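Report on the following structure.
Count residues from 1 along the sequence. Note that ligands are numbered from 1 as they come in the structure, with each ligand's atoms numbered from 1 the same way. Since the model is a prediction, treat every value here as computed from it, not as a measurement. Below, each value reflects all heavy atoms present in this structure, side chains not excepted, and no hydrogens, waters or symmetry copies.
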Amino acid sequence: GQGIEKGLLEIGDLRAGYGATVILEGVSFTVPPRGRLALLGRNGVGKSTTLATLVGQTTRHGGSIKLDGVELSGLASSARAAAGLGYVPQTRDVFKSLTVEENLVTGLKGRPRAALEEAYALFPRLGERRRNGGAELSGGEQQMLSVARALLGQPTVLLLDEPLEGLAPVICDLLMDALSKLDMTVILVEQQIDRALEFADSVVFLDRGRVVHAGPAQHA
Ligand code: ATP
Ligand code: MG
């Protein structure tokens, strides 16, 4: 039957940074189940730090991170992933010596055949290259692999840090087309504002670690 919708993310008054250095100063926003939020702002304003803080990879000085009412901020990164947070960091981490498929299933329990086939359906290029080495992948394919790997964790909230960075426009089209089919809460950090607004239903603009604008994407 119809379950309760999952993927409500509530960020409250987040203060975080690296060691004693505070970068985020009171960042708050909410994304509803299956909402698509674009996290925008100039270089160095704290977009990546925000995503890294959600997954527990920075030093948190205060504030809350609630997923479907459950406070995550006291949990280790692995427990946050198990709770439903999927994360594609800005740096692409493809294992060159492993095949595409090995890259996808590394760290997962068993061989999740059905989930793998779903990932290949979303990214046919990966399916075609499943036995190829990670070293043979183009930049776009590496980005697809990073997204596909996060999806295999079956997240209810997917955090994407500039998945289009460095890709040719035609490859950006392919990737955005796949992302538009995702059926979960998504936070997208993106430099190309037009693409971000096309994808998102709401936006948050950061400046120097603070939220300076938040609202619906169509009025941004
Ligand atoms: P970009 O658009 O260039 O990716 P960003 O908005 O993602 O920028 P962040 O990477 O979050 O910005 O950086 C915010 C601030 O935190 C910057 O001043 C940056 O120098 C600092 N910073 C980022 N990573 C670290 C780190 N590992 N240790 C210390 N300071 C860091
Ligand atoms: Mg960044």
Taking Arg129 first and then Glu141, would you say they form a salt bridge - that is, a charged N and a carboxylate O separated by under 4.0 Å? yes

Contact residues of ligand 1 with a heavy-atom cut-off of under 4.0 Å? Tyr18, Ile23, Arg42, Asn43, Gly44, Val45, Gly46, Lys47, Ser48, Thr49, Gln90, Glu162, Gln191

Minimum heavy-atom distance between Ile23 and Gly46, given as atom pair plus value: CG2-CA, 4.4 Å

Nearest 0.5 Å please: distance from the CG atom of Asn103 over to the CG atom of Leu152. 11.0 Å

Closer than 2.8 Å to the Mg ion (ligand 2), what protein N/O/S atoms do you find? Ser48 OG, Gln90 OE1

Check ion pair Arg130-Glu117 (N to O, under 4.0 angstrom): yes

Where Leu145 and Val100 come nearest, the two heavy atoms and their spacing: CD1-O, 3.8 Å

Pair listing, ring-ring contact (aromatic ring centres under 6.0 Å, His included) test, anchored in residues 194-216, at least two apart: Phe205-His213

Measuring from atom CG of Leu179 to atom CD of Glu190, what distance do you get when rounded to the nearest 0.5 angstrom? 9.5 Å

Tell me whether the count of non-hydrogen atoms from other residues, nucleotides or ligands lying under 6.0 Å of CD in Glu198 goes above 12. no

Applied to residues 177-186, the side chain to side chain donor-acceptor pair (under 3.5 Å) test, sequence neighbours excluded, yields Arg34-Asp183

